[in-house]
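The structure under discussion appears below in the form of structure tokens.
Atoms within a ligand are numbered from 1 in the order they appear, just like the ligands themselves. Note that the structure is predicted; figures quoted are calculated from it, not measured. In this chain, numbering begins with 1 at the start of the sequence shown.
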Amino acid sequence: MKKIKIIGTGSYLPEKVLTNDDLAKIVDTSDEWITQRTGIKERHIASSDQATSDLGVIAARRCFETFDIDPKSIDCIIFGTVTPDKLFPSTSIYVQKALNMPNIPVFDISAACSGFIYGLAVANGLINSTSMKRILVLGGETLSKVTNWSDRSTCVLFGDGVGCAVVEESHDESGLLSIYIGADGNMENLLHQPAGGSRNPATFETVEKKLHTIHMEGNEVYKHAVNTMQMAAEKAISMANISSEDIKWFIPHQANIRIIDTTAKYLKVPKEKVFVNIDKTANTSAGSIPIALDQMNRNGLLKKGDIILIDAFGAGFTWGASVIRW
Ligand code: COA
């Protein structure tokens with residue numbers, strides 16, 4: 001079995017920043033409520049002419065340039081997103097076109113906030129079972145495009161952004177020591193976009209009822225997020241044959257600071273080893289983990305040999321976790 005490793009990272013957050021105070025002018029909320037309940041202070045919002053692939057293209061270019069990766073050496077593009085440019089073709093197609101990487105296979109993964117970890121798992125499988133050597137895995141969203149800006153219980157939580165990583169076979173100690181993904185469709189209605197697909201195609205009525213936006217039962221999702229992120233992390237830790245004391249960095253999905261703190265406490269990972277950027281990004285869904293990885297990588301926080309745990313949970317429900325030796 002080949003072990004894969006990350007050889008480069010990139011990310012892009014749109015220029016426009018929306019603060020909690022800005023939101024308090026739109027809906028009945030406050031900076032204090034949002035900060036206390038979620039840890040979020042601000043989020044980035046894509047412009048009206050920016051689609052998810054546009055963010056992905058910038059993230060990928062940054063990765064290629066910084067880590068000296070030739071786009072022509074990439075054998076496949078995988079994009080984890082639930083806010084595709086169009087329902088079809090895939091968002092990866094637009095990344096391929098913009099970066100001039102013709103003929104390689106490209107596709108999207110719909111696993112919500114777990115999309116990037118699902119992408120890593122699929123890339124791992126492809127490198128192990130095909131002649132593909134290098135794969136670009138992206139994750140991220142323009143959730144602002146499917147946000148109901150009059151629903152204070154959801155509109156304060158999300159932000160836009162895309163991150164990415166290039167993976168290939170590792171020939172040294174570094175690489176993915178474990179990867180675990182899973183899903184349970186029984187609670188799909190707790191977090192979803194009800195219309196726009198084949199179940200509820202777009203009509204005047206679906207638009208009027210705002211059924212093309214995020215619908216969420218926050219309290220229920222919260223409980224499942226805490227339990228499932230703990231379970232997924234434990235599984236990845238045991239599959240990697242390490243103990244939680246070995247972890248140098250815990251990089252959890254950035255959905256809510258209380259979910260992050262509770263998961264870290266349960267895993268007995270001290271606060272100083274937990275990476276948090278939710279105050280600046282909010283929940284970027286599939287973007288959350290790769291954006292965090294890239295910010296840490298660029299800031300020199302990740303040292304060769306460090307043991308890292310990434311852990312995500314999202315709509316579906318889906319989940320995924322991986323232990324990586326950097
Ligand atoms: N500003 C002010 N008040 C708000 C508010 C806001 N933005 N959003 C909700 N409220 C109100 C509610 O209306 C409710 O008022 P009521 O008691 O008068 O009915 C009160 O705050 C408490 O609401 P509740 O939903 O119980 O708050 P909470 O502490 O559970 O926090 C979430 C709500 C959404 C922050 C929290 O449930 C959460 O983070 N859930 C997980 C969401 C998530 O991570 N989703 C993505 C998973 S990948």
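- Looking at atom 46 (C) of ligand 1, its nearest protein heavy atom turns out to be Asn283 ND2, 3.6 Å.
- Per-residue contacts place His253 under 4.0 angstrom from the following atoms of ligand 1 (heavy atoms of the residue considered): 48 (S).
- For ligand 1, the atoms sitting less than 4.0 Å from at least one non-hydrogen atom of Val156 are 7 (N), numbered in the order shown with element in parentheses.
- Taken together through direct or relayed side-chain contacts under 4.5 Å among Ile, Leu, Val, Met, Phe, Trp and Tyr, Leu13 and Leu55 form parts of separate hydrophobic clusters.
- Residues in residues 102-119 take part in these side-chain hydrogen bond (donor to acceptor under 3.5 Å, both in side chains) pairs, two or more places apart or across chains: Thr91-Asp108, Ser92-Asp108, Ser114-Thr318.
- When hydrogens are left out, the protein atom nearest atom 35 (C) of ligand 1 is Thr38 CG2, 3.7 Å; that is the closest non-hydrogen contact.
- The closest non-hydrogen atom to atom 23 (O) of ligand 1, taken over Met216, Arg37, Glu220, comes from Arg37.
- Side-chain polar atoms of Thr9 and Asn297 form a donor-acceptor pair below 3.5 angstrom.
- For atom 1 (N) of ligand 1, the closest heavy atom belonging to the protein is Thr29 OG1, 2.6 Å.
- Protein heavy atoms are found inside the 4.0 Å sphere centred on atom 41 (C) of ligand 1.
- Looking only at protein heavy atoms, the nearest one to atom 31 (O) of ligand 1 is Arg258 NH2, 3.6 Å.
- Taking a distance limit of 4.0 Å, we find that atom 5 (C) of ligand 1 is approached by some protein heavy atom.
- Judged by distance alone, with hydrogens and angles left aside, the side-chain atoms of Arg43 form a donor-acceptor pair with the main-chain N or O of Val156 at under 3.5 Å.
- Counting protein heavy atoms under 4.0 angstrom from atom 27 (O) of ligand 1 gives one or more.
- Residue contacts with ligand 1 include Ser153, since one of its heavy atoms falls under 4.0 Å from the ligand.
- Shown here, atom 19 (O) of ligand 1 is out of close reach of the protein: none of its heavy atoms lies under 4.0 Å off.
- Set against the non-hydrogen atoms of Cys113, the atoms of ligand 1 under 4.0 Å away are 48 (S).
- The shortest contact between atom 25 (O) of ligand 1 and any protein heavy atom is with Asn219 ND2, 3.7 Å.
- Annotation for Lys210: atom NZ does not count as buried by contact number, only 12 or fewer foreign heavy atoms lying within 6.0 Å.
- A donor-acceptor contact shorter than 3.5 Å is absent between the side chain of Lys271 and the backbone of Ala264.
- Within the listing of ligand 1, atoms 44 (O) sit less than 4.0 angstrom from a heavy atom of Ala255.
- Taking each heavy atom of Ile260 and His253 in turn, the nearest pair found is CG1-O, 3.8 Å.
- Taking only non-hydrogen atoms, the option from Phe317, Trp33, Phe313, Tyr222 nearest to atom 2 (C) of ligand 1 is Trp33.
- Heavy atoms of Val27 found under 4.0 angstrom from ligand 1: none, in either backbone or side chain.
- The aromatic rings of His224 and Phe317 sit tilted, their planes meeting at an angle between 30° and 60°.
- At the top of the distance list for atom 12 (C) of ligand 1, counting protein heavy atoms only, stands Arg152 NH2, 3.8 Å.
- In terms of heavy-atom proximity, Thr281 sits nearest to Thr284 at O-CG2, 3.6 Å.
- Just one residue in the list Lys223, Gln230, Met229 forms a side chain to side chain contact (heavy atoms under 4.5 Å, CB included) with Val226, and that residue is Gln230.
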Working for side-chain hydrogen bond (donor to acceptor under 3.5 Å, both in side chains), residues Thr81 and Glu141:
CA-CA 6 Å; Thr81 187; Glu141 315 284 353; 2.9 Å; yes
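- Each of Val146, Thr147, Ile214 was scored for a side chain to side chain contact (heavy atoms under 4.5 Å, CB included) with Thr83, with one residue passing: Val146.
- In Asp70, the CG atom is crowded: over 12 heavy atoms of neighbouring residues, nucleotides or ligands sit closer than 6.0 Å.
- The heavy atom nearest to atom 47 (C) of ligand 1, out of those in Thr228, Val221, Asp28, is found in Val221.
- Nearest protein neighbour of atom 39 (O) of ligand 1, counting heavy atoms only, is Asn256 ND2, 2.7 Å.
- Any N or O atom pair closer than 3.5 Å counts here, and Ser30 shares no such pair with ligand 1.
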